[in-house]
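Working notes, beginning with the structure itself.
Here is the naming used below: chain letters follow the sequence lines, and residue numbers restart at 1 for every chain.
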Amino acid sequence: MTAPLVMVLIPAVAAFVGLLVGGMSRAAAGAIAVAGPLGALVVAGLLATEQPWTDPIVDTGFHGVLQPFPAATVVDGLAVSVALMVSFVATLVQIYSIGYMKAEPRYSSYAAFVSLFTAAMLAVVVAGDLLLLVVGWEVMGLCSYLLIGQNWERQEARRAAVKAFLVTKVGDIGFIVGIVVLIGATGTTLVPNAVQAASSDPTVATVASGLILLGVLGKSAQFPLHAWLPDAMAGPSPVSALIHAATMVAAGVYVVARFYPMFLAAPGVLTAMAVIACITMLGAAVISLVQSDLKRVLAWSTVSQLAYMVAALAVGSRDAAVFHLLSHAFFKALLFLAAGAIIHAVGSSALRDIGGLRRSMPVTFMTMTIGLLALVGVFPLAGFFSKESVLVAAEHAAAGDEVVAPWVGWLVLVVAVVTIAVTAAYAVRLWMLTWAGPRRGNGPIHEAPPVMYLPLVLLAVPTLLFGFTALDVSALPTWIQANATEPLGTPAALTPALVTIALSVVALLIGVGIGWRSRLPSAIGDGTSILARGLGVDAAYDWLVVRPFLVLVGWTTEFDQHVIQRTVSGVGSGTAATGGRLQRTQRGDVQRYVSTALTALIVAVVITLVTVAT
Amino acid sequence: MTSNWLLPALLVVPLMAAGILLVAGRRAERWATWFGVGVQSVGLLLTLGALAEFKRGSAGSMQLVVEAEWIPELLVDFRLGVDGISLPLVALTSLLGWCAAVYTVRRVPEPGRARAFVGLLLLLQVGMLGTFMALDLILFFLFFEVVLAPMWFLIAFWGSGERRRAANTFILYTVLGSVVMLVGFLLVIVKTGSADMVELAGGLGEQMSGGAQLAAALLILGGLAVKTPMWPFHTWLPDAHTSAPTVGSVLLAGVLLKMGTYGMVRIVVPTLPDAMVRIAPYLAAFAVIGILYGAMASYGQQDLKRVIAFSSVGHMGFVLLGISTLSVVGINAALFGNIAHGVITGLLFFVVGGIKERTGTTAFASLPRGLYASAPRLGFLLGFAAVASLGLPGLAGFWGEFLALVGAYHPAVPEHLYYRAMLVLAAVGMVLAAAYFLRVLRRVGQGPGSEKTMDDVAADEWLSWTPLIALTVVLGLVPVLVFEVTDPAVRMVVESVAGALP
Amino acid sequence: MSDRSLLSPTGVDVVFALLGAVAAASALMVVTTRQIVHAALWLVVSLGAVAGCYLVLTAEFVAWMQVLIYLGAVVVLLLFGMMLTRAPIGPSDDLTGTNRLVAFFASVAVTAVLGVLVVDAFGSTMIDVSGEPSSAAVMGEALFRYWVLPFEALSVLLLSALVGAIALSKPDEGA
Amino acid sequence: MTIQSIDLMALAPTLVVALGALVALIAELVTRRGQVAVGVGLVTVAVAVPFAVAASGEQTLCSGVDSACSYVVTPLSVALQVIVLVSTAVVLLMASADIADRRVPGGEFVFLMLCSVSGAVLIPATNDLVTLIVALEVVSLPTFALVALRQGESRAAEAALKAFIFSIASVAVSLYGIALLYGTTGAVSFDQLAAAAQASDPTPLATAGLVMLLAVVAFKIAAIPFHGWAPDTYQGATVPVAAYLSVVSKAAGFSALLLITGTFAAWSEMWAPVVAVLAGVTMLGGNLVALRQRLAVRLLAWSSIAQAGYIVVPLAAVAGSVAWGPDVANAVVGYLVAYAAMNLGAFAVVAVVARRTGIVEWGDYRGLARRSPGLAVALAFFLASLAGLPPGLIGLLVKVRVLVVPVESGVWWLAAVMAVATVIGLAYYLAWAAQLFRQPDVDERPVTAEQATGSWTAVVSVAACLALTVAFSVAPSLALGLVDRF
Amino acid sequence: MHLSLPLLLSVSLFGIGVYGLLVRRNAILVLMSVELMLNGVNVSLVAFDVFWAEALRAGQSLAIFVITIAAAEIGLGLAILLLLYRMRGSIAIDEATDLREDAA
């Protein structure tokens with residue numbers, strides 16, 4: 001049992017125990033719920049401290065396709081850093097949930113599923129075996145389905161859960177076929193060996209990475225498989241914070257990072273990723289601008305920020321992508337938990353009912369403001385540094401010293417800068433509508449209980465400080481590359497470049513301007529416009545996928561019911577009918593019987609004579 | 001072989017018990033179900049004994065072999081034996097038989113008559129075990145047919161809905177299939193002069209001429225396809241399942257469907273390699289059609305049992321795809337798929353039976369919503385079984401399907417690209433499977449929550465179902481338990497086919 | 001005997017042809033007449049002609065058996081049968097059934113097929129009818145040297161027919 | 001002038017049965033009680049069987065001319081004789097109930113039956129066409145009397161008339177066939193005919209003759225198109241007589257068929273297709289019409305027509321590469337043995353139920369298991385065997401044994417037709433078996449009371465058939481290898 | 001003498017007998033027709049016997065046996081007819097159809 005496996009199993013056991021014993025007392029359930037991710041955090045911490053890790057692949061001896069107990073795990077900088085982030089956020093979410101889910105009757109199953117989710121995410125993070133990766137990947141999808149559908153009394157929760165699972169499942173099909181191709185082509189299920197073998201053969205690399213990209217698009221909610229994330233907001237806010245901001249959606253990016261050498265061997269796929277990322281980045285940001293629901297604004301923002309990470313990967317810089325992944329996880333989780341606190345206090349997540357809460361919820365106000373600033377990328381915060389590192393990477397690519405074509409770099413750079421402006425716009429709009437202006441809605445508003453705002457504060461800390469770790473080359477960059485199974489050249493400091501800083505500041509100011517003008521309540525809109533409904537992508541889904549599928553289902557049931565069923569029962573009744581017709585020859589008159597017999601005989605004689613003669 | 005009394009004992013004990021029940025007077029109605037549990041437990045113990053005796057190292061060769069001459073005129077010897085391919089299935093049958101017996105202790109479906117019910121179940125057990133142990137073609141055919149009469153009575157007398165018509169379609173369709181298979185067997189016996197499966201697999205089958213092999217293979221596959229069921233011979237399955245009593249459905253889905261695929265791996269592939277190499281691509285095509293067709297048809301069904309019946313058509317499609325690759329990975333995946341489907345669909349039908357018992361119906365139109373609230377544990381089990389059935393990795397259902405895809409990537413037959421197209425289509429089938437199961441969970445499990453109206457899972461239900469739940473999880477996490485037994489035997493089968501490959 | 005074509009008949013042929021024609025014509029009358037009693041009488045004529053044919057064919061013993069049993073016993077029995085079932089004396093037109101067409105075609109087919117076959121096989125072969133007739137002595141010897149088993153079997157047959165007829169004719173003793 | 005040397009020991013079975021008939025008749029006249037006649041009948045059969053077995057391998061009544069004997073006993077003929085004799089014993093047991101309550105005159109009944117049986121025992125050992133046709137006539141004639149003997153039933157006469165007319169027509173046609181064969185080959189003894197067949201190809205006249213000869217055989221085994229009389233006659237006659245017709249009379253037909261096809265094995269390309277079509281049509285037609293039946297006896301009649309089709313399949317398969325030989329004959333005899341046991345059993349149960357409750361429609365057998373479980377289980381077992389579905393194992397095994405021959409000889413369409421026919425057959429056997437176990441909708445009067453004396457013998461007949469069928473199921477080589485035992 | 005003459009006579013008698021058998025409604029006439037058929041057979045048997053002229057005399061022996069069989073048949077046939085007449089009052093064959101398939 002290697003350390004990483006222990007890290008995965010602790011939350012899993014916590015989930016199982018929680019499910020069994022949870023029913024008894026809420027306190028016990030709460031304790032077990034927090035203990036799970038906390039245990040994982042501790043182990044991750046231990047792993048982080050006892051650097052340098054000796055052997056990247058900790059192999060448990062089960063290999064080959066037919067002894068597929070997927071137990072091989074990988075321990076390198078990338079894995080440990082993401083594991084730390086995941087367990088940290090998960091612990092805070094569990095703590096936060098104790099407060100948030102006080103009125104929830106089925107708290108024990110909720111907590112258990114969150115722990116199970118954490119275990120699955122950690123499994124993906126430390127997976128050294130393709131099969132363990134697939135197990136984690138799919139169990140994550142299942143937990144997201146279960147948690148979105150937590151309070152399934154509501155219609156939209158039920159629909160959102162199914163939609164989330166199916167859309168990600170469509171992506172997962174590509175993912176699984178990609179893994180099958182990898183295993184088939186390379187003959188091994190060990191991740192590093194498979195990636196190394198695949199990257200040496202361009203065709204396999206292109207096919208495998210293209211297919212795996214499909215899965216990533218599904219999980220990380222990129223165009224065209226992004227429609228499920230905004231609807232997933234029907235789930236409880238802590239779930240949104242953990243799954244739909246920090247971890248699951250980041251898993252896609254993490255997997256690409258894990259398989260990065262293979263992706264580098266397939267520039268075509270990287271270009272495609274870049275184009276998709278740009279579309280998603282800008283589209284999501286613009287849609288977020290017109291959203292009328294607090295959590296939907298943040299959801300579309302997440303889609304946009306994820307596009308940043310994918311763009312970073314597309315332009316050839318894994319470190320930038322991972323850096324943005326980590327920082328985004330912190331401030332986006334913070335924003336969602338803050339939103340949760342607001343909803344908990346106000347009772348509704350529609351912007352119409354929220355306003356002027358500055359005085360009544362000071363801590364939430366403070367932490368949410370920090371979060372928004374980080375989201376926008378204001379100087380000292382983590383957001384600024386991670387976004388800049390992406391811009392720097394884009395600029396390198398534009399200069400032509402990356403594996404992708406220069407125009408890709410330019411495209412990413414331009415779109416990134418424009419998106420900074422739009423991001424600033426919707427961030428300011430959100431901030432003004434929630435905190436500034438007159439108090440809309442009624443009823444007393446009071447600050448969230450400590451168990452809820454403590455995690456906010458704890459998340460605010462890394463949002464503020466995490467940026468600085470990237471400046472010193474010996475800190476974050478080397479750490480991410482440490483013990484990497486596949487070293488990607490020397491780790492370079494992720495320091496922002498002057499020219500990109502200038503561009504981003506200009507874009508930021510423009511954005512604030514737009515934001516300021518659209519802060520009026522009248523600009524909220526009722527969320528029914530084409531833009532608000534996600535540019536009609538949902539309608540397109542309905543027409544292109546759901547409706548034809550239902551027609552096909554209709555045909556199949558029709559075909560099965562009438563054609564095959566009828567032939568079978570037809571044969572049955574047919575035999576009975578022939579029986580009836582034969583029966584009618586037996587009318588009782590013996591002379592008729594004898595005449596038929598004799599004529600038959602004559603015919604037989606004649607035929608036999610003819611056949612014998614020939 | 002040391003203890004070769006095990007296998008005949010496995011057959012004789014239930015047979016004797018059925019005889020006793022037949023003769024026992026009306027007083028036996030009371031202790032009949034307990035008697036059933038006792039006999040099945042003995043069977044289970046014997047199976048565990050066999051598992052222990054079975055030497056994993058030489059899983060490729062027949063073990064615990066028993067041999068006695070029975071009908072010289074038909075070259076029929078009473079020859080039993082198990083190897084890596086049949087042992088897991090024998091174990092599955094004993095387990096499901098035991099779970100069924102435990103479930104019936106207090107739940108004999110109306111119109112009661114426990115004595116006859118348990119007697120028929122025991123006869124069914126004899127037929128099923130016999131089919132997996134027989135090493136003689138005609139003996140295999142006999143046990144193949146022994147199963148039909150008891151299952152017919154179970155559906156026709158203890159079933160529900162238009163059970164008589166369903167029972168008749170079931171038995172007439174299957175008998176037509178098995179007679180066609182018999183003609184295939186006879187052709188093999190006539191051409192090779194031997195009916196011993198081991199000899200035939202060992203190379204005797206290859207001496208048959210190409211044309212004869214193809215004719216025999218098509219006939220036998222035709223018969224087995226009806227049993228599997230392979231599309232388009234599947235129409236009897238939904239009706240049989242909708243009308244069968246719970247235990248009947250469990251055994252029908254859990255074991256009877258496996259006799260078809262087992263027959264293919266045990267008889268057709270090793271004995272008629274040249275024919276199999278030519279037929280394999282078409283088999284793959286039918287398998288994939290089955291997967292997609294099963295998924296789409298089950299999405300359109302209005303009855304819970306019919307949904308699961310069509311899902312079985314889909315799962316069996318994956319098993320057939322595995323077999324059609326004729327590769328080590330593929331056939332291992334098929335055998336594992338058999339076991340996994342048996343366990344998971346057995347559990348599914350038990351849960352649906354529980355639902356039917358509590359709500360009196362399985363039709364979506366009249367089924368109350370919000371099972372998660374009205375019977376949380378039952379709801380959880382329904383969710384668990386549905387998720388396992390749609391092939392969630394980490395549970396037993398996944399490996400059968402996933403490794404079938406891996407096998408399809410590198411089939412032993414030359415048509416690699418064709419198989420990769422099949423692979424993608426089969427993968428699409430997985431998402432459709434997710435679609436219809438989630439529709440079921442949404443329609444039955446979720447919904448405007450009503451309070452805890454129904455009594456939740458009872459003790460005897462837990463006792464009967466826990467082995468299946470545990471097995472789903474254990475096989476999901478440690479699939480090697482099955483593979484270490486089946487792999488050596490499958491390598492033998494694949495070797496015998498290797499000769500026929502170009 | 002040397003083969004002669006059918007068309008050059010010998011003296012015996014002419015006699016036989018005449019007898020055959022009588023037999024066939026009266027047989028035709030048996031099946032077509034509208035009076036039952038006439039049918040029986042025509043049957044007597046037909047069987048008598050056939051007996052004559054046997055004599056021409058030197059099968060003397062068979063001829064006498066024919067006269068004795070057929071004419072003596074069988075036809076008499078038939079007449080008794082008609083009497084007991086009160087058959088109408090005068091002409092009655094319901095004697096021929098409805099499926100006349102099928103019957104006609106069947107009989108014509110039979111006659112045609114067999115006729116063609118026979119002529120094709122034995123068109124020109126001759127048989128020697130000049131030899132000494134197979135008298136009772138000759139037939140007796142043949143019967144009891146080679147055909148003892150059928151003879152015995154026939155005895156069982158006749159006995160069972162006798163007992164059967166009597167049993168059937170007994171009035172019901174009441175169930 | 002040497003009288004034919006008669007070896008009485010060889011002829012013993014036929015003689016014993018004939019004498020038994022006489023003794024039975026006289027016994028009934030003397031003691032005025034029908035039961036005694038049945039007793040004598042049973043004793044006769046009991047004595048005849050060992051004689052038949054002892055006579056194996058002998059031949060007698062050989063004429064001087066190239067030692068062509070007219071009575072040759074072969075293992076095949078002994079097997080057929082044993083089948084006939086044992087079946088007669090069972091039928092007599094069934095009939096004793098009718099005789100006891102004067103529904104049928106005991107003495108005459110047993111006398112006629114034994115006369116018929118003596119013919120049936122004679123046929124397998126005949127060695128020439130003359131004896132064969134006479135023996136066939138000896139078998140048929142008494143049966144028409146038996147059918148008509150049913151007092152107080154007007155339709156019995158009609159049934160007898162139909163069988164009678166059909167019989168004399170087919171005998172006349174066969175006699176003409178024999179005449180033609182005699183004409184072309186100049187021989188009537190099977191050995192000389194076989195030699196003639198080997199010597200040259202069949203002339204057109206010989207072809208016509210042989211096909212016409214098959215007419216009487218088709219009549220006896222009630223193969224379509226010569227089946228018209230069977231359902232009506234079975235329905236009109238008493239059930240034991242119907243049983244007799246469906247088993248012993250058919251066994252005689254099959255013996256004749258085996259002898260004829262054996263003799264003319266050299267001309268098999270000529271007659272095999274005819275027999276094949278005959279078998280196919282009979283199997284399919286019999287099962288198809290049986291689907292629609294409502295009366296129990298009529299259903300059994302059509303079922304026995306279909307079963308006759310199965311029995312002919314091995315001979316039909318000679319059309320392919322397999323030549324006529326002991327293997328084919330053993331398959332026919334094997335199926336015949338199992339068929340006799342199953343069919344007699346079914347008839348026995350129908351007889352008992354008809355006598356006790358007057359039920360004639362198989363639909364009214366509903367809930368029989370509730371009222372008399374023993375009978376119901378027995379009938380279910382017989383029906384399962386006839387259908388060829390386990391637990392009726394022997395039914396299945398003999399079907400397999402019969403199906404091997406067409407597969408081996410490559411006559412594919414015949415194997416396919418048999419497969420389809422079996423499935424159709426399963427439908428109505430199953431429907432009837434299901435009726436037995438269904439809940440009775442109205443509780444008819446209990447069947448337990450023994451309405452009439454002497455009905456215990458009927459139950460004994462059911463038990464005997466059940467014992468035989470179960471024994472065959474457990475040790476199938478008893479039935480399948482019967483010929484090799486002698 | 002030509003062999004085909006008696007054979008032609010036998011064929012014609014046989015054919016006429018078949019016609020009578022199938023068309024006549026009265027049972028006694030049917031019996032008569034069968035007698036004609038049997039006589040047809042006898043004529044050909046005797047003809048062939050004279051043609052082959054063997055010591056065995058198979059043809060003529062069989063002819064004699066056929067005559068005896070015919071007699072026995074007529075005996076029993078009339079008994080059945082009379083029974084039918086007593087039960088039903090008429091011996092028309094196409095009226096005796098109580099036993100038939102009720103092709104409902």
Looking only at heavy atoms, what is the nearest atom pair of [X] and [Y], with distance?
X: Arg442(B); Y: Arg159(A); result: NH1-CA, 4.2 Å
X: Ala185(A); Y: Tyr409(B); result: N-CE2, 3.6 Å
X: Val180(A); Y: Leu423(B); result: CG1-CD1, 3.7 Å
X: Val177(A); Y: Ala427(B); result: CG2-CB, 3.5 Å

Note, [X] side chain near [Y] side chain (heavy atom, < 4.5 Å):
X: Phe16(A); Y: Val473(B); answer: no
X: Asp560(A); Y: His234(B); answer: yes
X: Trp399(B); Y: Leu131(A); answer: yes

Would you compute the distance between atom [atom1] of [X] and atom [atom2] of [Y] and round it to the nearest 0.5 angstrom?
X: Asp239(B); Y: Ser569(A); atom1: CG; atom2: OG; answer: 9.5 Å
X: Tyr372(B); Y: Glu153(A); atom1: OH; atom2: CD; answer: 12.5 Å
X: Tyr293(B); Y: Thr557(A); atom1: OH; atom2: OG1; answer: 8.5 Å
X: Tyr299(B); Y: Thr556(A); atom1: OH; atom2: OG1; answer: 12.0 Å
X: Arg158(A); Y: Leu438(B); atom1: CZ; atom2: CG; answer: 14.0 Å
X: Trp152(A); Y: Arg369(B); atom1: CH2; atom2: CZ; answer: 10.0 Å

So for [X], is it side chain, backbone, both, or neither that comes closer than 4.5 Å to the heavy atoms of chain B?
X: Leu146(A); value: neither
X: Tyr145(A); value: side chain
X: Val571(A); value: neither
X: Val568(A); value: side chain
X: Gln155(A); value: neither
X: Leu552(A); value: both

Under 4.5 Å heavy-atom distance to chain A, tell me which part of [X] shows up: side chain, backbone, both or neither.
X: Phe310(B); value: side chain
X: Leu392(B); value: side chain
X: Tyr436(B); value: neither
X: Trp236(B); value: neither
X: Arg306(B); value: side chain
X: Leu441(B); value: side chain
X: Leu432(B); value: side chain

Flag if over 12 foreign heavy atoms under 6.0 Å of CH2, Trp555(A): no

Specify which of Arg165(B), Met296(B), Met430(B) makes the most heavy-atom pairs with chain A at under 4.5 Å. Met296(B)

